[in-house]
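Whatever order the structure lists them in is the order used to number ligands and atoms, beginning at 1. Residue numbers count from 1 along this sequence.
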Amino acid sequence: MNDSVDLGRRIENGALSKDMAGQKVTIAGWLQDTRNLGGIAFLLLRDRSGIAQITCLKKKLGDEIFTHLTTIPRESVLAVTGELKLNEQVSTGFEILPETFEVLAEAQSPLPLGIIDKVGVELDTRLNNRFLDLRKSQVLAIFKLREILIRGMREYLVSQKFMEVTTPKIVAAGAEGGSTLFPIKYFENQAYLAQSPQLYKQMLMGAGIDRLYELAPAYRAEQSDTVRHIAEFASLDIEMSFIKSEEDVMHLLEGLMTHALESVLKEGKQYLDELGVEVSVPKLPFPRITLKEAIKMLADAGLEVKGDLDTEAEKKLGEIMLEKHGAELYFITKFPTELKKTTFYAMRDASNSVLTNYFDLDYRGEELVSGGQREHRIGILINQLEEIGYDPKDFEFYLQAFRYGMPPHGGFGLGIERVLHMMLRLPNIRECVMFPRDMYRVVP
Ligand code: AMO
């Protein structure tokens, strides 16, 4: 009985069906749970596609084999061959009566983390044992939804003729301010981990790749230990040429978000149900409010804001936009130049140079996206670099691309984890990354 099982014949649990009644099948996975009732025992075997019940009858198997099967530690990897038999009492409608089995890898016990126990476990313990944590169906559901969301975004961008590109993550200059740069030793020189593909996506506009996107890690040495910041995040960046204004970019972003959320609803229902969350597809167009209007709305609600919106103000604005405008997603536009100082590449408003053509997209009070129209005229771009004290020489590789025909262009950067964080109403953004990086965590 305890022979080797031919894994070449393995069928995924999800592919088993009642039509296979009477057939011999081979399954393999993790032993999730064992219920031993004396003469009969039920083993639940889990793989990525589902759970199958293995029903062990002591009389049929004999004492020794029954005892062996029912004492295999939880979460061991087990392969079983046996007959598929219909049984209406099982949720799937069938069970497997084992004929041969093999313990492929025994799990140590106790487990550092229960897979099916309902006891609340600290996020840190879960992240320290992430390979086990990811075995939980509710945790895996987040990543199934992440995959569906990203697939929906890619689908949309491909349909809009965007080309996927890959730009370097080891770079010589930062694009998003010095304070969040990770310096690295690069042979005999200093380099940095890329905070954003900003300079490269713009250079590629000069190369004539007039609609591009990149989905890649971006690095920020965030000194703030918050539930919405991580040091490595998945950034979806787009850039497009021949725009009339940032409105063209915002229009694309509306289409992208709507399509991606529709995909999540269509393909991810089972995972949303598992997490007990409802997602709604936003109505078009998303409301647009200027930063000035946002500050006024907050003041009317009793919250005085000076300068930029902090976390509290963003949250409050999220509540106001939901209550008063029924909007979960909304644009905040016309950021003052003063607040986008480090954003030297931002085009200023032609009619009012104290404002930029820059916007954010917020989702229930959290910023998902920043973007806008870029400054493509080299003289002005150099002035803007100098204004904030940067030496244009350090950006010469970038500026060169503006000297030989750079079309008007714009784009945005979207944080994938931020979308998931808000969409799934998770308490912490770290839930949306398999192996998150933050100020204190670099393992596992
Ligand atoms: P920005 O710096 O606003 O803009 O970043 C764009 C988006 O990236 C996400 N994000 C983060 N997510 C998690 N943890 C972090 N520490 C973190 N930092 C940023 C947010 C944010 O809205 N080059 C510009 C984009 C552009 O103009 O194209 C940029 O990087 O969702």
Side-chain angles (χ1 to χ4, degrees), residues 146 149 153 162 165 167 169 171 173-182 192-205 211-241 243 246 248-250 252-253 256-257 308-309 311 314 329-333 335 339-347 356-376 398 409-423 426 428-433 436-439 441:
R146 179 179 167 124
L149 177 84
M153 290 179 166
F162 278 75
V165 301
T167 65
K169 300 304 148 209
V171 296
E176 308 304 322
S179 68
T180 61
L181 271 174
F182 277 118
Y192 305 96
L193 294 179
Q195 294 163 306
S196 152
Q198 185 62 41
L199 307 182
Y200 290 89
K201 52 183 189 169
Q202 290 193 257
M203 282 152 66
L204 291 172
M205 292 298 104
R211 279 161 102 80
L212 66 76
Y213 77 97
E214 177 170 25
L215 176 62
Y219 301 92
R220 304 280 169 105
E222 294 284 357
Q223 292 292 340
S224 39
D225 183 19
T226 78
V227 298
R228 48 167 81 183
H229 289 97
I230 36 184
E232 182 178 44
F233 66 95
S235 183
L236 176 71
D237 276 88
I238 82 111
E239 202 66 28
M240 55 202 276
S241 284
I243 58 168
E246 70 275 23
D248 294 346
V249 180
M250 290 156 77
L252 179 93
L253 179 52
L256 176 82
M257 282 307 297
D308 208 353
L309 308 181
T311 307
E314 280 185 355
L329 281 150
Y330 46 90
F331 288 108
I332 307 174
T333 64
F335 274 82
L339 293 183
K340 290 282 177 192
K341 255 200 166 143
T342 55
T343 316
F344 56 82
Y345 50 81
M347 184 181 271
T356 60
N357 290 344
Y358 259 62
F359 63 84
D360 278 0
L361 178 72
D362 281 27
Y363 190 10
R364 271 194 269 105
E366 186 161 304
E367 179 198 315
L368 298 187
V369 178
S370 290
Q373 179 161 13
R374 326 297 191 186
E375 183 49 71
H376 64 282
Y398 163 72
H409 62 277
F412 60 78
L414 172 151
I416 295 288
E417 291 83 6
R418 290 267 177 99
V419 180
L420 287 162
H421 184 210
M422 297 321 284
M423 181 179 89
L426 294 165
N428 195 315
I429 196 166
R430 290 162 182 75
E431 296 271 6
C432 314
V433 195
R437 294 287 176 262
D438 61 31
M439 270 172 86
R441 184 173 287 280

Is ligand 1 less than 4.0 angstrom away from at least one heavy atom of [X]?
X	result
Arg220	yes
Ser235	no
Arg374	yes

With atoms numbered from 1 as shown, which atoms in ligand 1 lie under 4.0 angstrom from a non-hydrogen atom of [X]?
X	result
Val369	22 (O)
Tyr345	23 (N), 24 (C)
Ser196	23 (N), 30 (O)
Phe412	26 (C), 28 (O)
Gly371	27 (O)
Gly413	6 (C), 7 (C), 25 (C), 26 (C), 28 (O)
Arg228	13 (C), 14 (N)

Heavy-atom distances under 4.0 Å decide this one: backbone, side chain, both or neither, for [X] against ligand 1?
X	value
Ser370	both
Lys201	side chain
Glu176	side chain

What is the closest protein heavy atom to [atom], and at what distance does it sit?
atom	value
atom 14 (N) of ligand 1	Ile230 N, 3.1 Å
atom 31 (O) of ligand 1	Leu368 O, 2.7 Å
atom 8 (O) of ligand 1	Phe233 CE1, 3.3 Å
atom 20 (C) of ligand 1	Arg418 NH1, 3.5 Å
atom 22 (O) of ligand 1	Glu367 OE2, 2.6 Å
atom 26 (C) of ligand 1	Gln198 OE1, 3.2 Å

Centroid separation Phe331 to Phe359 less than 6.0 Å: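 That pair passes the under 6.0 Å test.
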Heteroatom proximity flag, Gly372 to ligand 1, N/O under 3.5 Å: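 For ligand 1, there is no N or O atom that lies under 3.5 Å from one belonging to Gly372.
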Ligand 1 N/O within reach of Glu239 N/O, cut-off under 3.5 Å: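 For ligand 1, there is no N or O atom that lies under 3.5 Å from one belonging to Glu239.
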Ser241: which of Arg211, Arg374, His409 passes side-chain contact (heavy atoms from CB on, under 4.5 Å):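 In the set Arg211, Arg374, His409, the residue that makes a side-chain contact (heavy atoms from CB on, under 4.5 Å) with Ser241 is His409.
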Test applied, side-chain contact (heavy atoms from CB on, under 4.5 Å); reference residue, Val165; option that passes from Glu239, Glu214, Lys201: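 Output: one option passes, namely Glu214.
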Distance-only polar pair, side chains of Gln202 and Tyr398, donor-acceptor under 3.5 Å: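 Yes.
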Cationic tip of Lys340 above Phe335 ring, under 6.0 Å, 45° of axis: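 Here Lys340 passes the 6.0 Å and 45° test against Phe335.
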